[in-house]
Number of protein chains: 2
Amino acid sequence: MSATFEPLPFAPGYRRVASEIAARILDRRLKVGEPLPPEAELATQFGVNRSTIREALRELESADLVARRRGTKRMVVARPAPTRVAGRLRQALALHDVSGREVWEMLEVLEPPAAESAAAARTPAALERIEAAVAAYHADHRDARRAVDGVAEFFRAVAAATGNQVLPLMQEPLLQLLAAALRVLIDAAPPARARIATAQHEICAAIGARDGALARTWMTRHVRDFRRGFEICGIDLDSPVPFA
Amino acid sequence: MSATFEPLPFAPGYRRVASEIAARILDRRLKVGEPLPPEAELATQFGVNRSTIREALRELESADLVARRRGTKRMVVARPAPTRVAGRLRQALALHDVSGREVWEMLEVLEPPAAESAAAARTPAALERIEAAVAAYHADHRDARRAVDGVAEFFRAVAAATGNQVLPLMQEPLLQLLAAALRVLIDAAPPARARIATAQHEICAAIGARDGALARTWMTRHVRDFRRGFEICGIDLDSPVPFA
DNA sequence: ATAGTATGATTGTCCGACAATCAGGCGGTC
DNA sequence: GACCGCCTGATTGTCGGACAATCATACTAT
């Protein structure tokens with residue numbers, strides 16, 4: 001039996017500094033919004049050079065654990081905004097050559113329960129957001145870009161209405177990937193726009209009436225429609241989604 | 001009507017450099033595995049100082065777009081591994097004070113369709129992984145830590161069997177958050193271990209028999225069991241999950 | 001109260017330097 | 001030929017210092 005050893009855990013200074021600060025943020029000893037000490041002070045506190053501190057700060061900045069308010073110098077502790085996290089996730093998915101089918105399958109899993117849950121949990125304000133999204137889409141779904149944005153906003157509004165914070169976070173990268181494909185579809189298949197409008201309207205009404213089953217049924221149909229649209233347009237669901 | 005202006009888009013050098021390199025990675029002009037030029041050369045190419053390059057590299061490193069093989073100096077283009085992305089996501093969720101209920105709701109949404117899909121799409125190899133996970137859990141679910149790992153591995157194996165790359169990515173952060181709570185539960189509620197073993201066995205058998213409906217049914221029960229376990233243990237589902 | 005001004009603090013970027021260590025070649029030993 | 005130690009160059013990690021640009025603040029003048 002040969003003795004096996006773990007590799008020695010050594011990390012360069014900038015990484016250790018970053019981990020140290022990140023740990024303090026995660027265990028709430030540094031609160032969100034609190035300004036970070038200036039680089040020079042961090043350097044003396046950690047006993048390293050300012051360059052090292054700066055490299056650590058870039059890591060934290062990239063992880064969205066610290067940020068800078070527009071036009072200010074001092075960095076403040078932040079928490080990753082859903083859209084930023086989603087952007088990272090989308091990047092990762094794109095680099096893994098995720099196919100349109102995979103994205104669509106996930107939407108098929110997530111959205112119907114989301115609609116059902118939204119019917120049960122919606123607040124008046126959340127319903128208003130959904131209604132606004134439906135109205136906005138109905139108003140100007142001529143312009144392809146606005147239409148695509150409208151579709152995404154509708155899904156976001158429904159997800160927000162569930163009151164579950166995790167759902168929007170998982171949904172967002174899918175929407176971003178869907179958007180790329182949708183831009184093609186929405187130009188090529190005019191009837192799709194009307195079908196989308198109808199589905200949105202019905203889902204919105206069902207959520208308003210707190211009819212979870214109906215909301216789910218329409219949402220299932222709505223999501224399935226996208227797939228049909230892609231097939232009609234000749235978009236290959238098994239090829240990687242276009243990176244954006 | 002007052003004229004409104006957008007804020008001037010200015011980014012410091014290290015960020016522009018990072019974006020530039022990131023763009024080349026995302027559009028595949030830099031391929032995964034390809035070594036990056038040395039810092040000094042990047043500095044001359046971009047016409048900036050090496051310190052600036054290094055700060056940019058720290059950003060990319062934190063985004064997992066570049067990495068270093070163990071014990072080497074040169075950086076290579078990488079793509080974010082699912083576990084790394086999941087770690088980021090978990091961080092974000094923890095900082096947003098996600099509750100146990102929210103995590104559990106998402107599992108309730110994701111897992112049953114995953115089991116159903118796995119029954120249809122599983123390969124022999126994927127089934128073997130599931131069976132191995134079940135066997136491993138059965139073998140040593142005495143040790144609490146191993147038991148928790150076993151539960152997570154079972155879910156991972158099922159998700160992998162669906163052939164959908166996105167699912168493991170979305171599931172992973174939930175599992176990581178679940179694990180923290182599970183460590184408490186599994187010590188406090190001995191009967192839970194047996195129930196888990198039974199459910200795993202049934203789900204595995206159903207997937208092996210390609211019985212999607214049955215797999216889904218058992219998975220639904222399995223996930224619901226966790227909630228019951230938490231309630232029995234007196235874990236408050238509406239309080240934030242313990243950060244890990 | 002508002003607008004201008006002076007002052008200090010802080011960041012972004014640069015330069016140069018050096019130790020540590022990794023990659024690859026070279027020769028020696030078996 | 002395979003393995004070992006050794007040397008050399010390349011590359012990274014870290015340091016110290018420097019300076020301009022810009023932000024924060026207090027103070028002043030209108």
Side-chain angles (χ1 to χ4, degrees), chain A residues 2-3 5-22 24-25 30-78, chain B residues 2-3 5-22 24-25 30 33-78:
Chain A
S2 69
F5 296 98
E6 295 296 312
L8 284 181
F10 170 77
Y14 58 81
R15 183 175 306 286
R16 292 203 305 266
V17 169
S19 310
E20 193 67 27
I21 299 177
R24 292 229 186 173
I25 295 174
L30 284 173
K31 287 172 191 160
V32 172
E34 191 175 335
L36 230 52
E39 296 171 354
E41 191 179 323
L42 285 173
T44 62
Q45 283 189 23
F46 279 105
V48 300
N49 193 274
R50 191 162 78 98
S51 308
T52 304
I53 294 292
R54 284 180 63 81
E55 292 187 32
L57 288 180
R58 294 299 87 79
E59 287 212 12
L60 296 171
E61 205 179 7
S62 177
D64 282 327
L65 288 178
V66 304
R68 209 191 317 279
R69 283 188 280 259
R70 265 207 63 81
T72 68
K73 281 194 180 303
R74 295 284 290 273
M75 303 262 264
V76 299
V77 175
Chain B
S2 69
F5 296 97
E6 295 294 313
L8 285 179
F10 170 77
Y14 58 81
R15 183 175 307 286
R16 295 203 303 268
V17 169
S19 310
E20 192 68 28
I21 298 177
R24 292 230 185 174
I25 295 175
L30 283 173
E34 192 174 334
L36 230 52
E39 297 171 354
E41 191 179 324
L42 286 173
T44 63
Q45 284 188 23
F46 279 105
V48 299
N49 192 274
R50 191 162 77 99
S51 308
T52 304
I53 295 292
R54 284 181 63 82
E55 292 188 33
L57 288 179
R58 293 299 89 78
E59 286 212 11
L60 296 171
E61 204 180 7
S62 177
D64 282 327
L65 288 179
V66 304
R68 207 191 319 277
R69 282 188 280 260
R70 266 206 65 84
T72 68
K73 283 195 179 302
R74 295 284 290 273
M75 303 262 264
V76 299
V77 175

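A, B, ... follow the sequence lines: proteins, then strands. Residue 1 opens every chain.
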Rounded distance (nearest 0.5 Å) linking atom CD1 of Ile53(B) with atom CG of Leu60(B) | 10.0 Å
Distance, rounded to the nearest Å, where Glu55(A) contributes CD and dC15(D) contributes P = 10 Å
Check whether any side-chain nitrogen or oxygen of Tyr14(B) sits under 4.0 Å from OP1 or OP2 of dT13(C), and answer yes or no.
-> no
Whole-Å distance, Arg15(A) CZ to dT12(D) P, equals 15 Å
Using a strict 4.0 Å threshold on nitrogen-to-oxygen distance, state whether Glu61(A) and Arg58(A) make a salt bridge.
-> yes
Rounded to whole angstroms, how far apart are NZ on Lys73(B) and C1' on dT21(C)?
-> 4 Å
Quick one: closest heavy-atom pair of Ser62(B) and Glu59(A), and the distance?
-> OG-O, 3.0 Å
Nearest-Å distance, CE (Met75(A)) to C1' (dT10(C))?
-> 12 Å
Hey, could you give me the CZ/CG distance between Arg50(B) and Leu57(B), rounded to the nearest 0.5 Å?
-> 10.0 Å
Hey, could you give me the CZ/CZ distance between Phe10(A) and Arg15(A), rounded to the nearest 0.5 Å?
-> 10.5 Å
Counting only N and O atoms by type, is there a donor-acceptor contact under 3.5 Å from the side chain of Thr44(B) to the main-chain atoms of Glu41(B)?
-> yes
Could you tell me which non-hydrogen atom of Ala67(A) sits nearest to which non-hydrogen atom of Ala78(A), and how far apart they are?
-> CB-CB, 3.9 Å
Distance (rounded to the nearest 0.5 Å) between Arg24(A) CZ and Leu65(A) CG | 14.5 Å
Starting from C1' on dG12(C), measure out to CZ on Arg74(A) and report it in whole angstrom.
-> 16 Å
Residues from residues 39-54 of chain A sitting under 4.0 Å of DNA chain D, heavy atoms only?
-> Gly47(A), Val48(A), Asn49(A), Arg50(A), Thr52(A)
Hey, which of these two, Thr72(A) or Pro38(B), hits DNA chain D nearer its 5' end, going by closest nucleotide?
-> Pro38(B)
Hey, can you pull the residues of residues 59-68 of chain A with a non-hydrogen atom under 4.0 angstrom from DNA chain D?
-> none
Any chance you could measure Glu39(A), atom CD, to Asn49(A), atom CG, to the nearest 0.5 Å?
-> 11.0 Å
Figure out the CZ/C1' separation between Arg70(A) and dT22(D), and round it to whole Å.
-> 14 Å
Measure the distance from CZ on Phe10(B) to P on dT22(D) and round it to the nearest whole Å.
-> 8 Å
